[in-house]
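Shown next, in structure tokens, is the structure this report addresses.
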Amino acid sequence: MALLAIVSSDKLRHPALRRVEAAFIEAVRADEGLYGYALGKNISLVSPSTLLATLRTVAHLWKIERRNVNAMEIARKAALLHDNFALLVNELENVGTQLERAQKSHASALRRLTEGGKGSVILQVHSLAEMGAPAKKSLPRELLSMAGDGEAAPEGAQDADAG
């Protein structure tokens, strides 16, 4: 910024700078390959009259370069986010599949307990309690109803000490 302040001040009108400008023009006229040689070495030749415009151009190019670097970083992070999101979706699909499998297993186990009418496992166990086995807990009435015991309460009801 200090350089820009000096260049943009009235010092550009100083007679010494006019002599530098004239010498620069004469050097370029004397050696037509001077610009090409400088560019080959990544050097930009500027004179007092072109310095400010050149500095502004360089500042603008650096700004564009920073934007490009940021854009590449955003793209890299977006790709990582996408990949992580795809993994999460896959895991959620696996969880859904496992939940479905667990629900099917649960339903199958309940069927094993309740199928068979009076010979169902649940009714056989219930009959043991009815015959006087010292049971401390009751079976859920809904489960007894599913097994075909006609004494079932409305859906969801069960004895208070069942657990």
Side-chain angles (χ1 to χ4, degrees), residues 1-9 12 34-163:
M1 286 299 187
L3 181 58
L4 289 177
I6 292 170
V7 171
S8 63
S9 72
L12 282 176
L34 189 58
Y35 269 115
Y37 177 77
L39 287 177
K41 301 283 185 175
N42 289 328
I43 298 171
S44 179
L45 297 178
V46 296
S47 67
S49 62
T50 62
L51 180 61
L52 188 57
T54 302
L55 289 174
R56 286 183 178 158
T57 301
V58 168
H60 181 71
L61 291 174
W62 284 345
K63 188 176 182 180
I64 291 171
E65 182 180 357
R66 279 191 308 274
R67 283 184 189 161
N68 289 341
V69 167
N70 288 345
M72 288 187 293
E73 182 64 14
I74 289 169
R76 186 187 68 76
K77 286 183 178 184
L80 276 174
L81 179 62
H82 178 275
D83 291 348
N84 285 334
F85 186 74
L87 289 173
L88 176 62
V89 167
N90 188 39
E91 289 298 320
L92 287 173
E93 288 175 343
N94 289 341
V95 167
T97 300
Q98 291 171 1
L99 285 173
E100 288 173 8
R101 204 175 309 145
Q103 286 175 333
K104 288 178 184 176
S105 294
H106 178 258
S108 176
L110 284 177
R111 272 194 310 278
R112 287 179 191 259
L113 288 175
T114 59
E115 284 180 352
K118 296 223 180 250
S120 71
V121 174
I122 192 77
L123 291 180
Q124 289 178 37
V125 170
H126 182 63
S127 70
L128 292 173
E130 287 180 336
M131 289 189 293
K136 294 183 181 176
K137 303 232 181 222
S138 299
L139 295 172
R141 291 191 179 265
E142 182 180 336
L143 201 53
L144 292 170
S145 175
M146 288 172 59
D149 183 23
E151 306 169 10
E155 188 174 316
Q158 62 185 39
D159 290 346
D161 61 344

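Scanning both residues, Leu143 and Ile122, for their nearest heavy atoms gives CD2-CD1, 3.4 Å. Across all their heavy atoms, Leu113 and Ser120 have their closest contact at O-CB, 3.4 Å.
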Practice problem: Assess whether side-chain contact (heavy atoms from CB on, under 4.5 Å) is satisfied between Leu88 and Leu92, documenting all intermediate values. | Solution: CA-CA 6 Å; Leu88 176 62; Leu92 287 173; 4.2 Å; yes

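Atom-to-atom distance recorded for Leu51:CG and Arg56:CZ is 10.5 Å, nearest 0.5 angstrom. For the atom pair Lys104 NZ and Arg111 CZ, the distance stands at 10.5 Å (nearest 0.5 Å). Distance check, rounded to the nearest 0.5 Å: CG of Asn70 to CD of Glu65 gives 10.5 Å.
In this structure the side chain of Gln124 never reaches within 4.5 angstrom of the side chain of Leu128, judged on heavy atoms. Between Leu39 and Ile43, the closest side-chain pair of non-hydrogen atoms is not below 4.5 Å. The shortest side-chain heavy-atom distance between Thr57 and Thr54 does not fall under the 4.5 Å cut-off. Considering only heavy atoms from C-beta on, Val121 stays 4.5 Å or farther from Arg112 through its side chain. Within the 4.5 Å cutoff, no side-chain heavy atoms of Lys77 are placed close to those of Ile74.
Heavy-atom contacts from other residues, nucleotides or ligands closer than 6.0 Å to OH of Tyr37 number 12 or fewer.
Remark: side-chain polar atoms of Thr97 are paired, donor with acceptor, to backbone N or O of Glu93 under 3.5 angstrom. Under a 3.5 Å cut-off, the side chain of Ser145 and the backbone N or O of Arg141 do not form any donor-acceptor pair.
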